[in-house]
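Being a predicted model, the structure only gives us computed values, none of them experimental.
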Amino acid sequence: MNQDLRPRWYSPAEVAVLLGFGISKVKMKIATGELRSIKDGKYRRILPEWVDDYIREQVERQEAA
């Protein structure tokens with residue numbers, strides 16, 4: 001039995017690793033609304049598709065410039 005156990009959501013620290021950013025930069029992007037997140041109790045979580053959305057928006061912004 002081969003189960004796909006990909007994370008359903010990420011912590012800011014995991015997103016920092018995925019994007020090659022520092023944790024402070026990820027937290028700033030969350031605070032400014034550039035990167036969508038939710039609170040789950042005392043933890044902040046980011047869905048994988050929100051990371052994809054952030055990347056797509058950055059690419060579109062660069063291509064439009």
### Query
Could you give the distance from CG (Asp53) to CD (Glu60), rounded to the nearest 0.5 Å?
9.5 Å
### Task
Look up atom CG in Leu47 and atom CZ in Arg8, then write down how far apart they are to the nearest 0.5 Å.
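Nearest 0.5 Å value for the CG-CZ distance: 8.5 Å.
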### Message
Which heavy atom of Leu35 sits nearest to which heavy atom of Val51, and what is that distance?
### Response
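Where Leu35 meets Val51 most closely, the heavy atoms are CD1-CA, 4.4 Å.
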### Message
To check you understand the geometry: which heavy-atom pair defines the closest contact between Pro7 and Pro48, and what is its length?
### Response
O-CG, 3.9 Å
#### Entry: Short side-chain to backbone donor-acceptor contact, Glu14 and Ser11, under 3.5 Å
yes
### Message
Listing request: all side chain to side chain donor-acceptor pair (under 3.5 Å) pairs with a residue in residues 43-52, at least two apart in sequence or in separate chains.
### Response
Ser37-Arg44
Check: residues 24-34 side-chain donor-acceptor pairs under 3.5 Å, at least two apart:
| residue | atom | partner | partner atom | Å |
| --- | --- | --- | --- | --- |
| Lys29 | NZ | Glu34 | OE1 | 3.3 |
| Lys29 | NZ | Tyr54 | OH | 3.4 |
| Thr32 | OG1 | Met28 | O | 3.2 |
| Thr32 | OG1 | Lys29 | O | 3.2 |
| Thr32 | OG1 | Glu34 | OE2 | 3.3 |

#### Entry: Note, Ile46 side chain near Ile38 side chain (heavy atom, < 4.5 Å)
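Answer no - side chains too far apart.
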### Query
Is Val17 close to Tyr10 at the side-chain level, that is, under 4.5 Å between some pair of heavy atoms?
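Of all side-chain heavy-atom pairs linking Val17 with Tyr10, none is under 4.5 Å.
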### Query
Hey, quick one: are Leu18 and Ile23 part of the same hydrophobic cluster, counting side-chain heavy atoms closer than 4.5 Å, chains of contacts allowed?
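No, separate clusters.
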#### Entry: Candidate pair Trp9 and Asp40, rule side chain to side chain contact (heavy atoms under 4.5 Å, CB included), full reasoning
CA-CA 11 Å; Trp9 57 16; Asp40 180 40; 3.6 Å; yes
